[in-house]
Visitor: 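If you scroll down you'll find the structure; I have some questions about it.
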Amino acid sequence: MPASGGCDRPCLGRPDKLRASHDQGSVGRENDMTLPFKPQNGPVSLEALRHSVSHIMADAVLRLFPEGKVAIGPSIEHGFYYDFDLPRALTDEDLPVIEAEMRKVVAEAGDFLMSTMTREEASQRLADSGQKYKVELLADIPEGEEITFYNHGTWADLCEGPHVENAKQIRNDAFKLTSVAGAYWRGDSNNAMLQRIYGTAWFSKKDLRLYMDYLEEIKKRDHRRLGRELDLFSLNPDFGAGLVFWHAKLGHVRRQLEQWWWDLHYADNYWPVYTPHVAGESVFEQSGHLENYADMIWAPMLVDNRPHRVKPMNCPGHVTIFNAKRHSYRDLPVRYAELGTVYRYEPSGTLHGMLRVRGFTQDDAHIFCTPEQLADEIVGVLEMVHTILSTFGYEYTAYLATRPEKYLGTDEIWEHALEALKIAAARKELELEDDPGGGVFYGPKIDFKIKDALGREWQGPTVQVDFNLPDRFDIQYNDSDNNLKRPVMVHRAIFGSMERFVGGLIEHFGAWFPLWLCPTPVAVLPITEEQMPAGAELQQRLTAAGFKSVLTANGPLRKRVRESELEKIPYMAVLGGREVEEGKVNLRIHGVKEQKTMSIDDFIQYLTDKRNSKSLDY
RNA sequence: GCCAGAGUAGCUCAGGGGUAGAGCUCUGCUUUCGUAAAGCAGUGGUCACGAGUUCAAAUCUCGUCUCUGGCUCCA
């Protein structure tokens, strides 16, 4: 087998991704910290094991396709991949064949040995074997750095390691190839499309099984699947790709969230505003959105011979309201909030259920304040972030994104804003991870990443300082010294978008929404028609107390219990002769082992308490 | 947008050049039932859409749309 070359050396792309739809940022993290089980340790690290299995796979693939070319093959969270340039497209049917070949390779491979060679030797060797991608990778290795190869059996790969010591450390029943997909060479869409094979590897068969179970659980909770099964939402190609229909039950969830959201904003002295969904194109020219994000804005429509655009952002609208009158320093801070629906043209291949869509509602707010007020305003936002995230049981991490290479504004103003963000975080004892250069060109920000019940990370709230729009729209206030000054503008969103956030909630809770959000919390189940009147009365009491319920005596109780469970109705109120006689209900509560019997009054009080406390259990 | 795969009843899927099938759902009847599936009958499909090949297309070919897995991208 000819030498082929390197793997992940000049680390290209971002090998820390599990699913693009979830990991929306670029912050890497340690392997397997997020799994619901603790993987067994081995003689080397899991990364080294996986990296080694990727070599084994590359060896196996080239045995099957001798004319194939290899690119990079790093370990990633929970597994590994390797990119290939092959004479034909792979399908899922190829995976078992490659796996079988891998088992042969493992049996023959023996020691993993490192060797060094000069740049010239390496270059010659890679060029001779036609491994053009490896030649490029070699060229990227800085002058003076050692050129290392890792070999097993007849395979040699340009690679800096580390690896297992011997292929015996790879268990043939503890790795699995999971999928094939396209991937651009060097992650650049201008480059050739290669074929990437993903796999997972562990030190024990048991860990592999646990991991496969974990994947199964993720699949079961997929919001698209639950959305269909439970009649929560749909998409309709006739209306357009990436446009979400919120069905009745999810409409209820959203309505509860929005009501709460408004309550929190009123408590913090935000004002509600409403802005138009379309605007003359000049607005987005002035805001700079057209210039910077033209590809993301929906095509123009001519109205009265003038091009209009559907809004991709709410900020210009809020600025317009602010600018509609002259503001005194006494007015500040001004806080505008809007559940603003925006439309952005996302490439077709990126659309994904409710998580990546072309029309969505941001829980947007803009704060106009003086530089001196900035830190206080950010404290208020951080407090609301905490209130909201902790209510759902989300853990979160905050990242301070500092000045990027290309930016607007003076050094002083950046320094001041950064300082304000830091002071605010310190006052809330919020630890800030660094995201150097991660700020937007118009200002620094704090981004939150949240971790769901399955340990997956999601893009969370964001609070951004903006030096750009105030200039572009010439925003002013009249200060105490009677000079017109530029206020600072803060953008912030906590849910982000209702679509993405609620899609995430579906998966986080597995559609078992907490009572305060739950669309149908109670199934009233009279055992026979005889208890129907009592059932109807109970349903009325529940409705009066603000709880929706279903009521049916049709069919055997067992069947109705099953159906209620599948509908994810957390409370089953069973009414038999005994209960009716005593004015009680028998309760089967999701996640609670023993059934409870209590009076109707107690039941309603119980539900009310759970709802008012936004309890996470039933 | 790119690479690959897929699209048959509301859902999950089988079938495959000679005018469509199962289970569940739904409707009706029977059953009156104590905590995860009672019985019988019935409704329901231009086989994604458009062209082409053919005596004949759901089936073969091409194009379009949508979805799936990734990649790139996400103010």
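The chains referred to below are lettered A, B, ... by the order of the sequence lines, with proteins before strands, and numbering in each begins at 1. What you are looking at is a predicted structure, and each value in this text was computed from that prediction instead of being measured.
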Visitor: Would you confirm whether the ring centroid of Y82(A) sits within less than 6.0 angstrom of the ring centroid of F84(A)?
Guide: yes

Visitor: Please give, in whole Å, the distance from rU35(B) C1' to E563(A) CD?
Guide: 13 Å

Visitor: In the strands shown, is rU35(B) matched to any nucleotide by a Watson-Crick or G-U wobble pair with both distances under 3.5 Å, and which?
Guide: none

Visitor: Measure distances between side-chain N and O atoms of N586(A) and base N and O atoms of rU35(B), and say whether any donor-acceptor pair falls under 3.5 Å.
Guide: yes

Visitor: Can you tell me the distance, in whole Å, between the NZ atom of K311(A) and the P atom of rA75(B)?
Guide: 18 Å

Visitor: When we call it a touch if two heavy atoms are under 4.0 Å apart, what does R558(A) touch: a base, just sugar-phosphate, or nothing?
Guide: sugar-phosphate

Visitor: Name the nucleic acid region contacted by A181(A), choosing base, sugar-phosphate or nothing; use a 4.0 angstrom heavy-atom cut-off, strictly under.
Guide: base

Visitor: Would you mind telling me which residue lines up with the more 5' stretch of RNA chain B, R562(A) or R344(A), judged by nearest nucleotide?
Guide: R562(A)

Visitor: Taking the same atom, P, in rG63(B) and in rG1(B), what whole-Å distance lies between them?
Guide: 15 Å

Visitor: What is the base-pairing partner of rG42(B), counting Watson-Crick and G-U wobble geometry with both distances under 3.5 Å?
Guide: rC26(B)

Visitor: Are there more than 12 heavy atoms of other residues, nucleotides or ligands under 6.0 Å from atom CD of E563(A)?
Guide: yes

Visitor: If you measure from the Lys or Arg side-chain nitrogens to the Asp or Glu carboxylate oxygens, is any gap between E346(A) and R500(A) under 4.0 Å?
Guide: no

Visitor: Closest approach to the side chain of R588(A), judged atom by atom: which nucleotide of rC73(B), rC33(B), rA36(B) is it?
Guide: rA36(B)

Visitor: For the side chain of I527(A), counting heavy atoms from C-beta on, which of rU72(B), rA4(B), rC33(B) is nearest?
Guide: rC33(B)

Visitor: Whole angstrom is fine here: how far is it from CD in E567(A) over to C1' in rC24(B)?
Guide: 13 Å

Visitor: On a whole-Å scale, what distance lies between the C1' atoms belonging to rU31(B) and rA41(B)?
Guide: 15 Å

Visitor: Taking atom C1' in both rA37(B) and rA20(B), compute the distance separating them and give it to the nearest angstrom.
Guide: 28 Å

Visitor: Checking contacts here: which listed nucleotide (rU66(B), rA75(B), rU35(B)) is nearest the side-chain heavy atoms of Y293(A)?
Guide: rA75(B)

Visitor: To the nearest 0.5 angstrom, please state how far the OH atom of Y442(A) sits from the CG atom of L469(A).
Guide: 7.5 Å

Visitor: NA contact type, T528(A), heavy-atom cut-off 4.0 Å: base, sugar-phosphate, or nothing?
Guide: base

Visitor: Among rU25(B), rG1(B), rA75(B), find the nucleotide with the atom closest to the side chain of P347(A).
Guide: rG1(B)

Visitor: Show your reasoning for whether salt bridge (Lys or Arg N to Asp or Glu O under 4.0 Å) applies to R221(A) and E507(A).
Guide: CA-CA 5 Å; R221(A) 289 185 185 223; E507(A) 303 201 356; over 6 Å; no

Visitor: Across the strands shown, which category fits E579(A) at heavy-atom distances under 4.0 angstrom: base, sugar-phosphate, nothing?
Guide: base

Visitor: Under 4.0 angstrom, heavy atoms only, what part of the nucleic acid is M296(A) near: base, sugar-phosphate, or nothing?
Guide: base

Visitor: For rC67(B) and H352(A) - does any side-chain N or O of the residue sit under 4.0 Å from the phosphate oxygens OP1/OP2?
Guide: no

Visitor: Between R486(A) and D474(A), is the salt bridge (Lys or Arg N to Asp or Glu O under 4.0 Å) condition met? List the steps.
Guide: CA-CA 8 Å; R486(A) 192 74 83 218; D474(A) 194 24; 2.7 Å; yes

Visitor: Determine the Euclidean distance between corresponding P atoms of rA57(B) and rA48(B); express it in Å to zero decimal places.
Guide: 15 Å

Visitor: Of the nucleotides rU66(B), rA36(B), rC74(B), which one has an atom closest to the side chain of L566(A)?
Guide: rA36(B)

Visitor: Counting only distance, no hydrogens or angles, is the base of rC74(B) paired donor-acceptor with the side chain of R356(A) under 3.5 Å?
Guide: yes

Visitor: If only side-chain N and O atoms of Y345(A) are considered, is one of them under 4.0 Å from the OP1 or OP2 phosphate oxygen of rG1(B)?
Guide: yes

Visitor: Using a 4.0 Å heavy-atom cut-off, does F284(A) contact any base of the nucleic acid, only the sugar-phosphate backbone, or nothing at all?
Guide: nothing

Visitor: Starting the side chain at C-beta, find the nucleotide from rU35(B), rG69(B), rG70(B) nearest to Q595(A).
Guide: rU35(B)

Visitor: Base, sugar-phosphate or nothing for F441(A)? Non-hydrogen atoms, less than 4.0 Å.
Guide: nothing

Visitor: Does Y81(A) have R196(A) sitting over its ring (NZ/CZ under 6.0 Å from centre, angle to axis within 45°)?
Guide: yes

Visitor: Can a donor-acceptor pair under 3.5 Å be found between the side-chain atoms of Y184(A) and the base atoms of rG1(B)?
Guide: yes

Visitor: Have E433(A) and T397(A) got a donor and an acceptor in their side chains that come within less than 3.5 Å?
Guide: no

Visitor: Ignoring backbone atoms, establish whether R186(A) has a side-chain N or O less than 4.0 Å from OP1 or OP2 of rC71(B).
Guide: no

Visitor: Quick one: H590(A) NE2 to rA36(B) P, roughly how many Å, whole number?
Guide: 14 Å

Visitor: rU54(B) and rC71(B): how far apart are their C1' atoms, nearest whole angstrom?
Guide: 41 Å

Visitor: Would you say rC71(B) has OP1 or OP2 under 4.0 Å from some side-chain N or O of Y198(A)?
Guide: yes

Visitor: Between D140(A) and L137(A), is there a donor-acceptor pair closer than 3.5 Å when you use the side chain of the first and the backbone of the second?
Guide: no

Visitor: Identify the nucleotide, in any strand shown, that forms a Watson-Crick or G-U wobble pair with rG5(B), with both distances under 3.5 Å; if there is none, say none.
Guide: rC67(B)

Visitor: Find which nucleotide of RNA chain B each of E529(A) and G349(A) is nearest to by heavy atoms, and output the residue with the more 5' nucleotide.
Guide: G349(A)

Visitor: Find the distance E594(A):CD to rU35(B):C1' and express it as a whole number of Å.
Guide: 14 Å

Visitor: Please report the distance separating the C1' of rG17(B) from the corresponding atom of rA56(B), rounded so that it comes out in whole Å.
Guide: 7 Å

Visitor: May I ask you to evaluate whether R196(A) reaches the phosphate of rA4(B), defined as a side-chain N or O under 4.0 Å from OP1 or OP2?
Guide: no

Visitor: According to the Watson-Crick and G-U wobble definitions, with both distances under 3.5 Å, which nucleotide is paired to rG50(B)?
Guide: rC62(B)

Visitor: At 4.0 Å (heavy atoms only), tell me whether R560(A) reaches a base, stays on the sugar-phosphate, or touches nothing.
Guide: nothing

Visitor: Determine the Euclidean distance between corresponding P atoms of rC60(B) and rC2(B); express it in Å to zero decimal places.
Guide: 25 Å

Visitor: What is the nucleic acid contact for Q464(A), judged by heavy atoms within less than 4.0 Å: base, sugar-phosphate only, or nothing?
Guide: sugar-phosphate

Visitor: Could you work out the separation of rU53(B) and rU12(B) based on their C1' atoms and round it to a whole Å?
Guide: 34 Å

